Amino acid sequence: MVVIAIALILIGLFFLVVAAVGMVRLPDVFTRSHAVSLTDSLGAFCVLVGLSLYQGFGINMLKILVVLALLFLLNPVIAHATIRAAYRAGVKPQAEEDQ
Amino acid sequence: MKSSFPKQFIANTLALFSVWLILSGRYDVSHVVLGFLVSCGVAWLNTGYSHSPFHDFPWGRLVLYGPWLLLRIVESSLHVTKLILNPALPIEPKLLTYRSHLKHQGAIVLLGNSITLTPGTITVEVEGNQLMVHAIDKASGEDLTSGRMEQKIAGMFQEGKGHE
C-alpha cells in the first residue's frame with residue numbers, strides 16, 4: 001500500500017514539474033492554460049490519491065476525496081473564467097479561427 | 001423544473017449535512033446537532049429561488065461517466081506531456097466553434113466542464129449550445145470534433161431519441 005502510494009505521489013510530482021515547464025515554454029495565455037490544466041487533472045489527482053492511500057481507510061481518506069471532487073469541479077471553472085476574461089479583454093490567441 | 005420544494009429542500013440538507021460530517025470529523029451530540037441545524041438553515045435559504053441547470057440531473061449515471069472521463073483525461077494528459085517535453089514544441093493552437101446538439105442545460109454545463117478538464121482543450125465561450133473551444137494541437141481538436149464526448153453525455157441524458 002505504502003509503495004503504491006509513494007509511486008503515485010512521485011508520478012503526480014512528475015506531472016506537476018512538466019506543467020511548470022510548460023508554463024515557461026508555451027507562448028501565450030491560451031496554450032499555457034493547457035499546461036495548467038495538466039497540473040490539476042493528473043498532477044494533483046495522482047498526489048491526492050497517493051496521499052489518501054498513504055493515510056489508509058478512514059475519515060482522512062474521505063476528506064481527501066472531497067478535496068479531489070471539489071478540485072475537479074472548480075478547476076475547469078477557474079480555467080474557463082481566466083481564459084474567457086483574457087478573450088474578452090482582447091488578448092489574441094496565436095491561432096487561426098476555424099469552423 | 002417543477003420539482004417540489006420539500007424534495008429539493010431535503011436533498012440540499014442531506015448534501016450539506018454529509019459534507020459537514022466528513023469535514024468536521026467530530027461525532028459528539030453538540031457538533032452533529034449544530035451541523036444539522038446549520039445545514040437545514042442554509043438549505044432553507046437557498047432552495048427554490050435560483051434557476052438551477054441541475055434539475056433532474058442524472059446523478060446516478062455520473063458514476064459511470066466518471067471513470068470514462070478519467071481515462072480520457074489520462075490519455076490526453078500524456079499527449080500534452082509529450083507535446084511540452086518535445087524539444088521542437090509541435091503545437092498548433094486553434095480556436096474551434098463547436099455546435100452541440102445537447103438540449104439539457106446541465107448536459108451543456110457538463111460538456112463544457114469536461115472539455116476544460118481534459119488537457120489540450122479548453123472552453124473559451126458558451127452561448128446557448130454553441131461552444132468556442134481552444135485546442136492546443138490538431139489531435140486534441142479532432143478528438144473534440146469527432147463528438148465522442150458529446151455522444152457519451154447524450155447517452156447519459158438519454159437525448160437524441162426524440163424525447164425532450
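Bear in mind that the values here come from a model prediction, so they are computed numbers and not experimental data. Proteins come first, then strands; the chains are lettered A, B, ... in the order of their sequence lines, and each starts at number 1.
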Inset, instruction - Look at Val80(B), Thr121(B), Val19(B) and state which one has the largest set of heavy-atom pairs under 4.5 Å with chain A. - result: Thr121(B)
Legend entry - Shortest non-hydrogen contact between Ala19(A) and Thr39(A), atoms and distance: CB-OG1, 3.5 Å
Inset, instruction - With a 4.5 Å heavy-atom cut-off (strictly below), which parts of residues 68-80 of chain A touch chain B? List them by number. - result: Phe72(A), Leu73(A), Asn75(A), Pro76(A), Ala79(A), His80(A)
Legend entry - Leu95(B) and Tyr87(A), any side-chain heavy atoms less than 4.5 Å apart: yes
Inset, instruction - Using a 4.5 Å cut-off on heavy atoms from C-beta on, say whether the side chain of Arg32(A) contacts that of Asp28(A). - result: no
Legend entry - Minimum side-chain heavy-atom gap Met61(A)-Tyr54(A) below 4.5 Å: no
Legend entry - Where Arg25(A) and Asn86(B) come nearest, the two heavy atoms and their spacing: NH1-O, 3.0 Å
Inset, instruction - Decide yes or no for Arg84(A) and Thr123(B): does some side-chain heavy atom of the first lie under 4.5 Å from some side-chain heavy atom of the second? - result: no
Inset, instruction - Please round to the nearest 0.5 Å and tell me the distance separating atom CE of Met132(B) and atom CD1 of Ile122(B). - result: 13.5 Å
Legend entry - Contact origin within Ile91(B) toward chain A - heavy atom pairs under 4.5 Å: side chain
Inset, instruction - Check whether Val18(A) gets within reach of chain B through its side chain, its backbone, both or neither, counting any heavy atom under 4.5 Å. - result: both
Inset, instruction - Would you indicate whether Tyr27(B), at its atom OH, is surrounded by more than 12 heavy atoms from other residues, nucleotides or ligands within a distance under 6.0 Å? - result: yes
Inset, instruction - Considering only heavy atoms and a distance below 4.5 Å, find which of Leu83(B), Leu78(B), Val126(B), Thr116(B) pairs most often with chain A. - result: Thr116(B)
Inset, instruction - Please report the closest heavy-atom contact between His34(A) and Ala135(B), naming both atoms and the distance. - result: NE2-C, 4.1 Å
Legend entry - For the student: nearest non-hydrogen atoms of Ser100(B) and Leu131(B), plus distance: CB-CD1, 3.9 Å
Inset, instruction - Tabulate, in ascending numerical order, the residues of residues 67-76 of chain B having at least one heavy atom closer than 4.5 Å to a heavy atom of chain A, or enter 'none'. - result: Leu70(B), Ile73(B), Val74(B)
Inset, instruction - Consider only side-chain heavy atoms of I, L, V, M, F, W and Y, link residues closer than 4.5 Å, and tell whether Val36(A) and Val67(A) are in one cluster. - result: no
